[in-house]
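A short write-up of the structure that comes next.
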Amino acid sequence: MVDGTGTLIRNKGAVSAQQNATGDFQVIFNTDVTACSYQATLGGPTTSTAIGYVTVAQRLNVPAGVRVQTFNTAPALANIPFFVSVFC
């Protein structure tokens, strides 16, 4: 779980997260995830919900990283908290 500022809130296997630009985040895991599948959903660490869109893909040239982009309903890049899962 990553908040809208890019702070890693909860994790299992993730070692860091950061915001690279508005709505553009990087999450690093403790292993190479290039052969895995990724899923992301918007939402916060409590009972809050978020409306918008999210995409997730392999981070270019970072074998242990994924890139997550969050969008509001416009759709425009926006800082929205999200959950990301990696399945290997």
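The chain is numbered in sequence order, starting from 1. Keep in mind it's a predicted model, so treat the numbers as computed, not measured.
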Hits for side chain to side chain contact (heavy atoms under 4.5 Å, CB included) against F83, two or more places apart or cross-chain, chain-then-number order -> M1, R10, T41
Here the gap from F87 atom CZ to S37 atom OG, rounded to the nearest 0.5 Å, amounts to 6.5 Å
Side chain to side chain contact (heavy atoms under 4.5 Å, CB included) filter on Q58, not counting sequence neighbours, yields V33, T34, Y38
Side chain to side chain contact (heavy atoms under 4.5 Å, CB included) filter on A57, not counting sequence neighbours, yields none
In short, salt bridge (Lys or Arg N to Asp or Glu O under 4.0 Å) pairs touching residues 30-40 with sequence neighbours left out are none
Between A17 and V2 the two heavy atoms that sit nearest each other are CB-CG2, 3.8 Å
Heavy atoms of G43 and A50 approach each other most closely as N-CB, 4.1 Å
Residues pairing under side-chain hydrogen bond (donor to acceptor under 3.5 Å, both in side chains) where one sits in residues 69-85, two or more places apart or in two chains, turn out to be Q19-N79
Quick note, salt bridge (Lys or Arg N to Asp or Glu O under 4.0 Å) partners involving residues 68-88, not counting sequence neighbours, are none
Is there side-chain contact between V54 and V56, with at least one heavy-atom pair below 4.5 Å?
no
Scanning both residues in full, the closest heavy-atom pair of L8 with N11 reads CD2-ND2, 3.6 Å
So salt bridge (Lys or Arg N to Asp or Glu O under 4.0 Å) across residues 64-83, not counting sequence neighbours, yields D24-R67
For residues 3-25, the ring pair (Phe, Tyr, Trp, His ring centres under 6.0 Å) pairs (sequence neighbours left out) are F25-F82
Joining Ile, Leu, Val, Met, Phe, Trp and Tyr whenever any side-chain heavy atoms lie under 4.5 Å apart, the cluster holding I28 also takes in V15, V62
Connected to L77, directly or through other members, by ILVMFWY side-chain contacts below 4.5 Å are Y53, F71
Joining Ile, Leu, Val, Met, Phe, Trp and Tyr whenever any side-chain heavy atoms lie under 4.5 Å apart, the cluster holding I51 also takes in none
By side chain to side chain donor-acceptor pair (under 3.5 Å), Q18 pairs with (sequence neighbours left out) N20
